[in-house]
Amino acid sequence: MIGNHHHMSEFRHNTGLLIASFAGMMFGVAAIPFYTLSVFAGPVTQDTGWSMQQFQSAFSFIILGTLFGPLIGHYCDRFGARRVAIPSIIAFAVSLSLLGLVGNISLYAFYAAWAIMAVVGQGTSPVIWTHIIGHHFQYHRGLAFGIVLAGSGVFAAFGPATVSFAIDKWGWQGGYFFLGVMVILVPLPLALMFLKPAENVEKYPAVKRSDLPAISGKTLGQALKDYRFYVIASSFFTIAFGVAGLISNMLPMLRISGIPDQESIRLIGLIGIAVIGGRLIMGALLDRFWAPMVATVALLLPAIACLLLIGDISTGEAAIAILLIGFAAGAEFDIVAFMASKYFGLSAYGKIYGALYITLFVGAAFAPPIFGSVYDRDGSYEFLLHIIIVLIPLAAVALLTLGRYPEFEPVQQ
């Protein structure tokens, strides 16, 4: 029996892994493209003459990258996270710089560069970073997931303003090059320094193999025969659709309500803070309580936010709604990663989480154009807000059907 000392030693022994994974998440494919899209929109469309719809459609190519999630997870399971993450970090940095180089050639070249970025950047996605944490944390896995995944929230808090400064100084092409340089300067050295193959635990001083989580669980094929996989996938497809649609359309929603743009932009900055809080708080709660119960409560928050956003709203109501949405956005990645490790084990975690990651990200990627088309048709978002008020509670409550965590026989290594 591993004592409380060993519980606490998880963080002490794995500090480097946490730092490297946090930085990788902060400057990864799940953070940079999403949180800088609106910053680049104005400068790129003004310079190229593309419509806003043409520019924002580039984000849809992120879906292409998520389709490679299970494959990335397979390589991670087989070869270790280091061998996947380091080449991908370099390729992701190069592909970001490529966006600035091809943007003036043609719209289709820009789309092609986005597709390349989405594919080569999958080795910087949460599939990689949660794989690392899941294989080195057992007793504080939820909190460790939360710390690492909070990296995207940190980028959401400071990234847009920093990129905006770079664009003002060097133009939008320079802004993309700036992002590529940042990826090389921050996560790459940390990955080279701290990421070690999971199987070579002797490279971790003071960590014994007996202190690491047992490698056990279902294969991807077995998971696909388990009803719980489809409950998790369908629930988070729905929740991701609602949360991403609300975040990506928050500025026009607030504008419709009569809140000035400058005030709206300040309010939207609360999303990053709420994402960080959601990931850390949710991570700590998942370690202590049954995950479906915690998830159901947290994921009901966007429905409450929708109630606040209907009709004319005050600045205070808008702030509360944004905090609720941001908290849920921070919680969802934590919950999916934690549930994947608890309900399906760690032996094929990369492939299973990669498959679940597809459903989450596809839901998020489809949301902006659908929300935009409804707005173009109706001049408001009230129809979708009412739909989300119904769908998100159903998706959240469905998680209560998952039952107890299964027990797996450890695989001897």
Side-chain angles (χ1 to χ4, degrees), residues 34-39 41-42 52 56 150 152-161 164 238-282 285 294-332 363-364 367-397:
F34 182 64
Y35 290 115
T36 62
L37 190 68
S38 61
V39 180
M52 192 66 70
Q56 291 192 341
S152 63
V154 173
F155 184 85
F158 84 87
S164 179
T238 304
I239 292 162
F241 174 85
V243 170
L246 292 169
I247 290 176
S248 63
N249 289 271
M250 186 56 63
L251 183 59
M253 281 186 193
L254 298 182
R255 186 181 295 131
I256 292 171
S257 298
I259 298 177
D261 280 1
Q262 284 189 332
E263 182 69 12
S264 297
I265 292 171
R266 185 182 67 82
L267 289 170
I268 291 172
L270 295 173
I271 290 175
I273 297 171
V275 166
I276 296 169
R279 291 192 170 154
L280 295 177
I281 294 170
M282 185 57 53
L285 292 175
V294 176
T296 298
V297 174
L299 298 174
L300 287 172
L301 299 180
I304 299 172
C306 289
L307 288 171
L308 293 172
L309 291 170
I310 292 175
D312 294 332
I313 62 174
S314 66
T315 300
E317 290 172 329
I320 293 172
I322 288 170
L323 288 171
L324 294 177
I325 294 166
F327 187 92
E332 60 185 356
I370 292 176
F371 270 65
S373 66
V374 170
Y375 175 76
D376 290 339
R377 185 193 69 189
D378 299 341
S380 76
Y381 295 96
E382 285 203 15
F383 173 76
L384 280 171
L385 291 175
H386 283 101
I387 293 295
I388 293 172
I389 288 170
V390 175
L391 290 182
I392 280 189
L394 291 175
V397 172

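Every heavy atom of this structure was used, including side-chain atoms; hydrogens, water molecules and symmetry mates were not. By convention here, the first residue in the shown sequence is residue 1.
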Hey, are the side chains of [X] and [Y] touching, using non-hydrogen atoms and a 4.5 Å cut-off?
{"X": "Val243", "Y": "Ile325", "result": "yes"}
{"X": "Ile281", "Y": "Phe327", "result": "yes"}
{"X": "Asp378", "Y": "Phe383", "result": "yes"}

Minimum heavy-atom separation for [X] and [Y], please, with both atom names.
{"X": "Ala298", "Y": "Ala331", "result": "CB-CB, 4.4 Å"}
{"X": "Ile276", "Y": "Gly153", "result": "CG1-C, 3.6 Å"}
{"X": "Ser257", "Y": "Gly311", "result": "OG-O, 3.6 Å"}
{"X": "Ile392", "Y": "Pro302", "result": "CD1-CB, 3.7 Å"}
{"X": "Gly379", "Y": "Ile256", "result": "O-CD1, 3.8 Å"}
{"X": "Leu267", "Y": "Ala318", "result": "CD1-CB, 4.0 Å"}

Pairing residues for Val297 by the side-chain contact (heavy atoms from CB on, under 4.5 Å) criterion, not counting sequence neighbours:
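None.
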Counterpart residues, side-chain contact (heavy atoms from CB on, under 4.5 Å), relative to Ala274 (two or more places apart)
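Residues passing side-chain contact (heavy atoms from CB on, under 4.5 Å) with Ala274: Leu323.
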As an exercise, state the distance from [atom1] of [X] to [atom2] of [Y], rounded to the nearest 0.5 Å.
{"X": "Leu299", "Y": "Thr238", "atom1": "CG", "atom2": "OG1", "result": "11.0 Å"}
{"X": "Met253", "Y": "Ile259", "atom1": "CE", "atom2": "CD1", "result": "12.0 Å"}
{"X": "Phe241", "Y": "Leu391", "atom1": "CZ", "atom2": "CG", "result": "8.5 Å"}
{"X": "Ile313", "Y": "Ile320", "atom1": "CD1", "atom2": "CD1", "result": "10.0 Å"}
{"X": "Cys306", "Y": "Ile389", "atom1": "SG", "atom2": "CD1", "result": "5.5 Å"}

Could you check whether any side-chain N or O of [X] sits under 3.5 Å from a backbone N or O of [Y], counting only pairs where one atom can act as donor and the other as acceptor?
{"X": "Glu317", "Y": "Ser314", "answer": "yes"}
{"X": "Thr296", "Y": "Ala396", "answer": "yes"}
{"X": "Arg279", "Y": "Gly330", "answer": "yes"}

Please assess Leu309 against Tyr381 for the test side chain to side chain contact (heavy atoms under 4.5 Å, CB included), listing each intermediate value before the final yes or no.
CA-CA 9 Å; Leu309 291 170; Tyr381 295 96; over 6 Å; no
Option from Ile322, Leu324, Ile271, Leu385 for which side chain to side chain contact (heavy atoms under 4.5 Å, CB included) with Leu246 holds:
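So the option named by the test is Leu385.
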Got a sec, which residues hit ring-ring contact (aromatic ring centres under 6.0 Å, His included) with Tyr35, two or more places apart in sequence or on another chain?
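So Tyr35 forms no ring-ring contact (aromatic ring centres under 6.0 Å, His included) with any residue.
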